[in-house]
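Bear in mind that the values here come from a model prediction, so they are computed numbers and not experimental data. If you read the sequence from its start, that first residue is 1, and numbering goes on from there.
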Amino acid sequence: MSEQNKNDYEYNPDIISLTDDNGKEFTFEVLDAIETDMGRYLALLPTFEDPQKMLDDSGELVIVKVGEEDGEEYYYEIEDDDEYETVADAFVDRLEDFFEIENK
C-alpha cells in the first residue's frame, strides 16, 4: 500500500478535555454532534491512557450541550430530564445506524 493510501485510512479522533467542578480533568473522544431546535449537543466517549481502565469503564456515552459566550464554546450538563432523554435517544439511533448495532 502506498504512503498516500495509508494516510487516507488514518484515524484521527476529535479529542476534547473537560474539567469537573473539583478541577479533575477528563479526556473524551467526540463520537457525534447533533443540532436540534433545543441546541447543539455532543456525544462523548471517555478515553484512557491505561488499557485496563478502558476495559473497566462502563462504555456509557456522555452527552453535553454546547453553549457559546464571547465567541468561546463551552460544554455543560443537560439538567432537564426530558431534554436529555430526547437527545440521548437521537444519538443512540444515529450511532446504532452508523456502527450497525442491532438491538436484541
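- Between D20 and F26, the shortest heavy-atom contact is OD2-CE1, 3.5 Å.
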(request) Please step through side-chain contact (heavy atoms from CB on, under 4.5 Å) for the pair I78 and V64, ending with a clear verdict. (result) CA-CA 6 Å; I78 303 167; V64 294; over 6 Å; no

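- At a threshold of 4.5 Å between non-hydrogen side-chain atoms, the residues Y76 and V66 do not count as touching.
- At least one donor-acceptor pair closer than 3.5 Å links the side chain of K65 to the backbone N or O of M38.
- Under the 3.5 Å distance criterion, the side-chain polar atoms of D70 are left unmatched by any main-chain donor or acceptor of E72.
- Atoms CD and OH, from E79 and Y84 in turn, are 13.0 Å apart once rounded to the nearest 0.5 Å.
- Side chains of F28 and L45 form no contact here, defined as non-hydrogen atoms less than 4.5 Å apart.
- With L44 as the fixed residue, the side chain to side chain contact (heavy atoms under 4.5 Å, CB included) test singles out one of D32, L31, L18: L18.
- Side-chain atoms of T19 and K24, non-hydrogen and from C-beta on, never get closer than 4.5 Å to each other.
- Rounding to the nearest 0.5 Å places CD1 of I15 at 7.5 Å from OG1 of T27.
- Contact check for I63 versus L42: no side-chain heavy atoms found under the 4.5 Å cut-off.
- Applying side chain to side chain contact (heavy atoms under 4.5 Å, CB included) to F91 and the options V87, D89, D93 leaves one that passes, V87.
- For E73, the salt bridge (charged side-chain N to carboxylate O under 4.0 Å, His left out) partners are R40, not counting sequence neighbours.
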